[in-house]
2 protein chains.
Amino acid sequence: MDSPADFVESRRPAGSKRSGKRDFIVDTFLAQTGHLTADDLVALIRKADSRISRATIYRTLQWMVDAKIAQKVDFGEGRSRYERAYRHPRHFHLICEACHRSFEFLSSDIESMLDEVVESRGFEVHKATIQVHGTCERCRTGSSTRDDEGSTERLFARDALRVAIATEKSGLAFYTRAARIVRDARGKQVFLKLADEEKTHLATLQKRYDELLAEDPQLDSRPAFLFFKGAANGIFASGVEELAAGVDDRKALLIGIRCERGSHKFFKKYGDRFEDSEGKRIFLEFADEEKQHMDLLVAEFKALNARIVSARKRRPSQARSTQAR
Amino acid sequence: MDSPADFVESRRPAGSKRSGKRDFIVDTFLAQTGHLTADDLVALIRKADSRISRATIYRTLQWMVDAKIAQKVDFGEGRSRYERAYRHPRHFHLICEACHRSFEFLSSDIESMLDEVVESRGFEVHKATIQVHGTCERCRTGSSTRDDEGSTERLFARDALRVAIATEKSGLAFYTRAARIVRDARGKQVFLKLADEEKTHLATLQKRYDELLAEDPQLDSRPAFLFFKGAANGIFASGVEELAAGVDDRKALLIGIRCERGSHKFFKKYGDRFEDSEGKRIFLEFADEEKQHMDLLVAEFKALNARIVSARKRRPSQARSTQAR
DNA sequence: CTAGGTGCAAATAATTTGCAGAGGC
DNA sequence: GCCTCTGCAAATTATTTGCACCTAG
């Protein structure tokens, strides 16, 4: 249904003809995880017997880049490397100069700082590259750390879930607290309902996380791929703090709306920008979830306002009682 | 006293011999501002008549890289470029794919996020590269923006001064406010004194800034080189906020100490990491300034504590009066 | 005099291209 | 049959190197 083969098929440029050799090169390439040089690929092909000319390898690599199946990367070694673009989120590189392995990561914090720089210059970005050249932990300490050669796709899904779970948890804290603070009975119920939903959803996410771990027991201990520190985790945390400072019912709803909107925007923005993958789906589903919560809160906010107005009409002197401090 | 020639002299590798040709190549290279390819340099040499072989250019470029006079950069064009390392702070690149010009910037915010990523991986950094490939404003809109071909050194000095001035201003706001809030007479005096110092120093910095602008009237309108948003500007701002929340005398001093320490550490850290230059000096002098303020505040804090203790001995019942809310 | 430094031409190394034949549609 | 794909060998591009000669210390 959504195999590499289908993916390649879907991206085959118009007018291009089928060829067993090319298919074989593409398949061989997509079966690898790392960043291959043209020569690496030649070696792989030769090992699998097939006798394919170097020129064809080069031509096919270019063909894959044009079809967005592969991406050319340059680590400054005087030759190009290629990494798969299929189900592979965009990322930055840590490059070990000792063992020549490379590690991928993505930081939304860095990306947004970079956005600011770029914007201030009126620059239009086509591609941003970050490369950290140095020595990896294994080469430096000799300690045989765990095998880092996992697929980035899985790491990405893991970290997407982690971010979602962290957000969900702080959301739960927020609603639990808000439900305690709010005076208005209906408002309280809305917050309780949301707290409940967060709990349910949290369980769902946790289950998904556990399933992912089951596929690869070492996954949990692999180093982080996503660095989304500033963005996702802090959103509800600041809301909780604001609640603690003491707020009226309307304010509590407004804070909730702001948090959900921030959360939604964040997950939507990143979800949209990723390649199709489990991680992308997690981001977009979560964005949706947050959107629904936000809508619910907005509706409740409107209803509360309406009740305040009508109450004010009935008992003008005590109109503001529901939002007393 | 500190000319490029002296600089080159100081870095001449042991055992290397003088040579008119090499000197000429080095001088020609250092007279340029941009990112030259070996061929660019050959063209420049040829234009100035001298007949020097390509091989010598390559050998001399390598010699300059070894001597840390030049730095090799790779923009993925299939050939190397070289930029001067003399009085040139480390930086990242925006690269226009249309006009092939490149722009430099530095962001402490991005650098510290990168530090976190690197640390979490146990990685040892040798060199970090950030390249944003895209289209520059001029190529995109056709509008002939101001000439961007200024020396980065001057931009760096300008921005270092801007950061220092911004910090100084928020420091002034902090001390002015603190002087108003504090009860203890001696503490008040210290804060007033510091506010006064900030004012004087602010005037000095402003004068230096004006002098710099006088050297190049367009400098003020050139795009930013340093992006130090999070770091420098926010330090005292948070202190001012804390003051507003209401604090006792000791707390006010402690906040001041924290701000000055943060400020000192920041300017020291970056000042130390830069190449010798006006910008570096600004950073280090400012770091020193902040250190002195910090020491003053620490001394005052100790003195205040001592007075509180002795007061407590004399009038045990009212001992805590100087720090009443 | 001796270790560099320089020029020239040849060597490398990664990649591209021209051209003739093979093969998919 | 036409147009694309492939192989091979030659070309290209940036850079390096061997070797004979030159020059500073």
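Every chain is numbered from 1 and lettered A, B, ... according to where its sequence line falls, protein lines coming before strand lines. Basis for what follows: all heavy atoms, side chains included, without hydrogens, waters or symmetry-related copies.
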A:E77 CD to C:dA13 C1': how many Å, rounded?
-> 14 Å
Whole angstrom value for the distance that separates P of D:dT6 from CD1 of A:I25 = 6 Å
Is the B:F266-B:F228 ring centre distance short of 6.0 angstrom?
-> yes
Which of the following nucleotides, C:dA14, D:dC5, C:dG7, is nearest to the side chain of A:R22?
-> D:dC5
Tell me whether the OP1 or OP2 atom of C:dT16 has a side-chain N or O from A:Y58 closer than 4.0 Å.
-> no
Do B:S112 and B:D115 have side-chain N/O donor and acceptor atoms under 3.5 Å apart?
-> no
Of B:K72 and A:A55, the one whose closest nucleotide on DNA chain D sits nearer the 5' end is A:A55
Does OP1 or OP2 of D:dA24 have a side-chain N or O of B:R18 closer than 4.0 Å?
-> no
Under-4.0 Å side-chain N/O to phosphate OP1/OP2 contact, A:K21 with D:dG7 = yes
Interatomic distance, B:D74 CG vs C:dA14 C1' [rounded to whole Å] | 14 Å
Roughly, in whole Å, what's the span from CD in A:Q62 to P in C:dA14?
-> 18 Å
Candidates B:D49, B:L44, B:V42 - the one meeting side chain to side chain contact (heavy atoms under 4.5 Å, CB included) with B:R46 = B:V42
The side chain of A:R79 lies closest to which of these nucleotides: C:dG7, C:dT17, C:dT15?
-> C:dT15
Euclidean distance, atom CZ of residue A:R12 to atom P of C:dG24 [Å, nearest integer] = 13 Å
Do the side-chain N or O atoms of B:S19 get closer than 4.0 angstrom to the phosphate oxygens (OP1, OP2) of C:dT6?
-> yes
Using a 4.0 Å heavy-atom cut-off across all strands, classify A:S80 as base, sugar-phosphate, or nothing.
-> sugar-phosphate
Looking across every strand, which nucleic acid part, if any, lies under 4.0 Å from B:R59 by heavy atom: base, sugar-phosphate, or nothing?
-> base
Under 4.0 angstrom, heavy atoms only, what part of the nucleic acid is A:S16 near: base, sugar-phosphate, or nothing?
-> sugar-phosphate
Close side-chain approach of A:P223 and B:R121, heavy atoms under 4.5 Å | yes
A:R54 CZ to D:dA10 P: how many Å, rounded?
-> 16 Å
How close or far is atom C1' of C:dA22 from atom CZ of A:R51, stated in whole angstroms?
-> 19 Å
Distance, rounded to the nearest Å, where B:I57 contributes CD1 and D:dT16 contributes C1' = 15 Å
Using a 4.0 Å heavy-atom cut-off across all strands, classify A:K17 as base, sugar-phosphate, or nothing.
-> base
Within the pair B:T56 and C:dG7, is there a side-chain N or O less than 4.0 Å away from OP1 or OP2?
-> yes
With a 3.5 Å cut-off and no angle check, do the side chains of A:H133 and A:H93 form a donor-acceptor pair?
-> no
